Amino acid sequence: MLLPSITYRQPATTGELLDLLQEFGDKAAVIAGGSDLIVQLKNNTASVSHLIDLGAVQELNYIQYDRQEGLKIGAATTLLEIIRNKTIKEHYPALVQAADAVGAFQHQAMGTIGGNLCLNTRCWYFNQSASWRKSRETCFKMGGNKCHAMPKSPNCHASYCGDTAGMLIAYGATVTLEKKGSSRTINLEELYSGDGKAPHRLQPGEILTEIRVPAPEPEQRSIYLKLRQRNAIDFPEVGVALNTVWNGKGCSKLRLVLTAVAPRPVVVTEAEAIVRTRGWDAGIEAEISEAALKAGKPVPNMAGSVSYRKKMLGMMTQQAIDAVNPAKQ
Amino acid sequence: MTKQIINLHVNGENHELLIDPQNTLLEVLRDKLGMVGTKEGCDCGDCGTYTVIVEGQPVLSCLTLAVRMEGKEITTIEGLAKGDQLHPLQKAFVEKGAIQCGYCSPGMIMSGKALLDYNSQPNREEIKKAIGGNLCRCTGYVKIIDAIEDASKQMVKQN
């Protein structure tokens, strides 16, 4: 497949990049790794005439750790750099698991953490070539009036399938979003709109520049589990990101975030509340799995039947809890 | 859109080329440089036949814009042998029967090389992980893993 004609610009600094984004407006997109955007351009599901190279901005590629401040990662840092970083492996091992779950060796070498967080939502009926999609009515995500996955629904149900977002949200990450003249920092979960058609709350000309993760608490234990058809390449059919803190009595804090079961990463707030208010007791694990099953609503827009993915969601939540429970090691 | 001149450094040689910004590295390697060892498979990042090494890392050349490669060290399958002398990976692939139709082989070898350049003594799980992005319809993968394992031993011996 040939790419459409584009103009390519390679800014040296973040400032230059933001200037270019403002200059070209919605004619431009940033390119980092390119493993999602280039495919979309080939499929004609994205349409821009200017590509601005975020991956080339060296000042956006860094990993810094401080015992009090925690972790800071520049958006252009590759997934492979995160996977191979000993400090991240020591203090945030589940972030390494999540980054290592993305794609395969090549995708990890090319792909950036910012790109993975800003991954477009996915659907069987959207992620297809232009000629494939021509055989069907235009869907909501492409500006039409139908959802092929959920035909009776008035909304787009394309699913968010980035592996690192759930884990970073579970770790309590914040992100910095910059555009020319302004910068804001939000909790990572606020970046996601829940709208399959426009999944990220980014203003025109705005990009994600930095991710910050709080310093780990004592007895913090975390895990990322991914269900996919094969052990490489595939996007998640279900992703379970769990971050917990333990004391002598059991788990005192829990954050559970699900991927691939909605147009956004789903924070299972009910599970958090159960642990916060009741403390750890017998039967609580089953209630947490129940809460996950209620919160995750997979739709038939990817490999794996809805019933299978729902079953696995419950089992993976239980597996994740067992994996982090010190009493079960 | 206007064509532009880039300098591509491939297998130790510099090439000055006139390209379109939307040309992928795969297109430029095959169509402009005649280096057809790197293959076009699915063209969307799911098969690995187009894997080359850029600055030591394996990349999907079908999803890489050539214009972004200015000044970067690129290695393709053509760059492995030294004259008639095959690279240990290539030799191992031949000797271990890891090649049938051969279409996946360049990509597999480049992923293997990227692994061995980082980790000279990988275990079999690490080898499987490194070639996870490369599909093979012929061999069933076992002999490919054997070949990379064997090459790693030969390379350690040589060094």
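Just so you know, these numbers use all the heavy atoms, side chains as well, and skip hydrogens, waters and symmetry mates. Keep in mind that this is a model prediction, so the values were computed, not measured. Per chain, numbering begins at 1; letters A, B, ... match sequence-line order.
Counted within 6.0 Å of OH on Tyr62(A), heavy atoms from surrounding residues, nucleotides or ligands total more than 12; the atom is thus considered enclosed. Surrounding CD of Gln329(A) are more than 12 heavy atoms belonging to other residues, nucleotides or ligands, all under 6.0 Å away. In this structure, Asn231(A) places its CG atom where only 12 or fewer heavy-atom neighbours from other residues, nucleotides or ligands lie under 6.0 Å away. More than 12 heavy atoms of other residues, nucleotides or ligands lie within 6.0 Å of CD in Gln100(B), so this atom counts as buried by the packing criterion. The number of heavy-atom neighbours closer than 6.0 Å to NZ of Lys39(B), taken from other residues, nucleotides and ligands shown, is above 12. Atom NZ of Lys91(B) sits in a sparse spot, with 12 or fewer heavy atoms from other residues, nucleotides or ligands closer than 6.0 Å. For Arg137(B), the CZ atom sits in a loose shell: 12 or fewer heavy atoms of surrounding residues, nucleotides or ligands are nearer than 6.0 Å. Crowding of Asn7(B) atom CG: a count of heavy atoms from other residues, nucleotides or ligands under 6.0 Å exceeding 12.
For a residue to count as touching a neighbouring chain, one of its non-hydrogen atoms must lie under 4.5 Å from one of that chain's; by this rule Leu51(A) touches chain B with the side chain only. If you measure heavy-atom distances from Asp100(A) to chain B, the contacts under 4.5 Å come from both the backbone and the side chain. Neither the backbone nor the side chain of Ile131(B) comes within contact range of chain A; no heavy atoms are under 4.5 Å apart. Proximity to chain B is limited to the side chain of Leu80(A), based on heavy atoms less than 4.5 angstrom apart. Proximity to chain A is limited to the side chain of Glu27(B), based on heavy atoms less than 4.5 angstrom apart.
For the atom pair CD of Gln22(B) and OH of Tyr8(A), the computed distance is 13.5 Å after rounding to the nearest 0.5 Å. Atom CD1 of residue Ile38(A) and atom OG1 of residue Thr24(B) lie 8.5 Å apart, to the nearest 0.5 angstrom. Atoms SG and CD, from Cys44(B) and Gln40(A) in turn, are 12.0 Å apart once rounded to the nearest 0.5 Å. A distance of 9.0 Å separates CG in Leu3(A) from CG in Leu63(B), rounded to the nearest 0.5 Å.
In this structure, His107(A) contributes its side chain and Gly45(B) its backbone to a donor-acceptor pair below 3.5 Å.
Here the side chains of Asp53(A) and Leu65(B) are not in contact, with every heavy-atom distance at 4.5 Å or above.
Of all non-hydrogen atoms in Ala109(A) and Pro58(B), the two that sit nearest each other are CB-O, 3.4 Å. Contact detail for Gln106(A) and Ser111(B): the closest heavy-atom pair is NE2-OG, 3.3 Å. Between Ala232(A) and Gly132(B), the shortest heavy-atom distance links the atoms CB-O, 3.4 Å. Across all non-hydrogen atoms, the minimal contact from Thr64(B) to Met110(A) is OG1-CE, 3.6 Å.
In terms of non-hydrogen atom pairs under 4.5 Å with chain A, the most contact-rich of Glu40(B), Met110(B), Arg68(B), Gln4(B) is Arg68(B). Options Arg84(A), Gln108(A), Gln10(A) differ in how many heavy-atom pairs under 4.5 Å they form with chain B, and the most are formed by Arg84(A).
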